[in-house]
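Both ligands and their constituent atoms are indexed starting at 1 by order of listing.
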Amino acid sequence: MTEKIRKVRKAVLPVAGLGTRFLPATKAMPKEMLPVVDKPLIQYAVEECAASGIEHIIFVTGRRKSAIEDHFDRAPELESFLDERGKPEQARMVREISNGLRFSYTRQSEALGLGHAVLCAAELVGDEPFAVLLGDVIMEGAIPATRELVEIYEATGAGAIHVERVPRERVHLYGIVDVAPDQPRHPRWGDRLLAVRNLVEKPAADKAPSNLGVTGRYVLPPEIFGYLAETKPGTGGEIQLTDALCRLAKENKLFACIYEGKTYDAGDKLGFLEATVEIALKDPKLGAGFRAYLRGLKL
Ligand code: UTP
């Protein structure tokens with residue numbers, strides 16, 4: 001028997017959703033291409049992949065999403081135009097968008113849910129572990145979020161997801177985990193690493209098993225595809241990734257790791273504005289001027 005692959009080389013980025021919360025902006029443009037300061041939302045997730053040792057990105061796209069393919073493709077005309085006009089810095093920036101990564105694309109013909117979107121990537125992933133990143137969530141921390149999950153997988157051989165504490169009034173917007181401390185405690189992640197017993201999709205606050213919400217970063221074994229293939233449509237008629245994760249947790253093993261960095265749910269208008277303001281404030285060129293502008297606002 002061949003040794004099971006432990007190295008996580010591939011990441012699936014599902015971008016086939018309809019982005020209805022951002023209409024009318026998303027009528028003809030993918031939500032994932034909305035700019036946060038000077039980069040499209042999806043580029044933050046791709047940069048996180050590059051910083052996490054991922055080599056191959058698999059986008060699950062849909063209709064009206066071709067701008068994403070164009071963005072990560074080479075643009076030789078634009079690069080030479082910038083070079084000829086004496087703008088080498090901008091030419092370099094355009095060249096570096098793809099970060100030396102390999103990109104593949106597959107289609108989800110109908111937005112039947114996140115679980116269904118991940119299942120669409122099964123053939124391209126094959127029989128090896130892989131990461132999943134929700135492209136509308138920006139995660140910023142000292143250690144790239146995906147890298148932390150990759151390290152947990154590579155150390156333990158078990159799938160892992162990030163979770164964070166969410167206020168009671170927002171619990172109904174998240175997948176919420178029921179967890180127990182992992183025994184014995186892992187020397188590296190200590191109390192932050194928990195064993196998942198169950199997951200509930202968007203529970204009412206009084207029915208939630210905890211206040212730990214799933215953030216949008218996962219590293220999963222290939223067995224998840226078997227569970228997804230057997231998952232029936234759940235909440236909202238969609239095939240939920242949460243249902244397959246529940247089976248993985250119960251029949252196999254799944255870790256939840258409490259994330260220590262900052263998460264922006266930029267798929268939601270308020271989260272998008274928070275990401276824009278905070279990332280602009282941290283920008284070395286824009287930060288000081290933007291801070292002065294905000295201080296001077298008379299509201
Ligand atoms: P969301 O639910 O945040 O995205 O899914 P959405 O459906 O596009 O947005 P709203 O709720 O209508 O405003 C999280 C990620 O999963 C992808 C989305 O593109 C998004 O990046 N997704 C979701 C799919 O690829 N396919 C689906 O069927 C559903």
Side-chain angles (χ1 to χ4, degrees), residues 11-36 39-49 57-69 71-72 103-125 130-139 145-146 161-164 166 170 172-176 199 201-202 213-218 220 224-225 228-229 231-245 263-275:
V12 174
L13 274 59
V15 293
L18 301 175
T20 53
R21 282 170 288 171
F22 275 93
L23 282 168
T26 48
K27 180 164 177 266
M29 184 175 80
K31 166 175 79 175
E32 295 80 6
M33 289 302 289
L34 294 174
V36 173
K39 285 190 280 198
L41 199 36
I42 192 70
Q43 197 174 324
Y44 289 87
V46 168
E47 287 177 1
E48 183 186 318
C49 286
I57 294 199
I58 298 160
F59 283 110
V60 181
T61 71
R63 283 176 292 285
R64 300 175 298 101
K65 300 282 179 164
S66 54
I68 297 174
E69 291 182 46
H71 184 72
F72 291 102
F103 295 93
S104 297
Y105 298 87
T106 186
R107 298 272 284 217
Q108 184 191 26
S109 332
E110 232 184 306
L112 295 177
L114 179 60
H116 181 259
V118 173
L119 184 58
C120 290
E123 227 175 278
L124 284 167
V125 171
F130 64 103
V132 178
L133 290 87
L134 299 193
D136 52 2
V137 175
I138 299 177
M139 295 186 65
T146 296
I161 62 178
H162 268 134
V163 292
E164 64 175 13
V166 291
R170 287 185 59 82
H172 69 284
L173 301 170
Y174 285 79
I176 300 290
L199 287 104
E201 186 62 25
K202 302 186 172 74
V214 180
T215 58
R217 296 294 185 268
Y218 317 74
L220 301 170
I224 196 75
F225 292 124
L228 281 170
T231 302
K232 302 264 175 306
T235 319
E238 297 191 339
I239 295 180
Q240 302 286 352
L241 180 59
T242 305
D243 295 343
L245 291 176
T263 305
Y264 302 101
D265 179 5
D268 162 271
K269 277 184 209 162
L270 188 57
F272 183 87
L273 291 173
E274 286 168 8

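Polar contact with ligand 1: absent for Val60 (N/O pair, distance under 3.5 Å). Between Glu110 and ligand 1, no N or O atom pair is found at a separation short of 3.5 Å. The shortest N or O to N or O distance between Phe22 and ligand 1 is not under 3.5 Å.
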ring-ring contact (aromatic ring centres under 6.0 Å, His included) assessment of Phe130 paired with Phe225
CA-CA 11 Å; Phe130 64 103; Phe225 292 124; 4.9 Å; yes
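Heavy atoms of His116 stay at 4.0 angstrom or farther from ligand 1. In this structure, Ala117 has a heavy atom closer than 4.0 Å to ligand 1.
Here the shortest heavy-atom pairing between Arg21 and Asp136 reads NH2-OD2, 4.5 Å. Of all heavy-atom pairs between Ala111 and Leu18, the closest is CB-CG, 4.3 Å.
Shortest contact from atom 24 (C) of ligand 1 to any protein heavy atom: Gly17 N, 3.4 Å. Protein heavy atom in closest approach to atom 5 (O) of ligand 1: Asp136 OD2, 4.4 Å. The shortest contact between atom 12 (O) of ligand 1 and any protein heavy atom is with Thr20 OG1, 2.5 Å. In this structure, atom 28 (O) of ligand 1 lies nearest to the protein heavy atom Gly113 N, 2.7 Å.
Within ligand 1, counting atoms from 1 as listed, the ones closer than 4.0 Å to a heavy atom of Gln108 are 24 (C), 25 (O), 26 (N), 27 (C), 28 (O).
For Glu238, no heavy-atom contact with ligand 1 is shorter than 4.0 Å.
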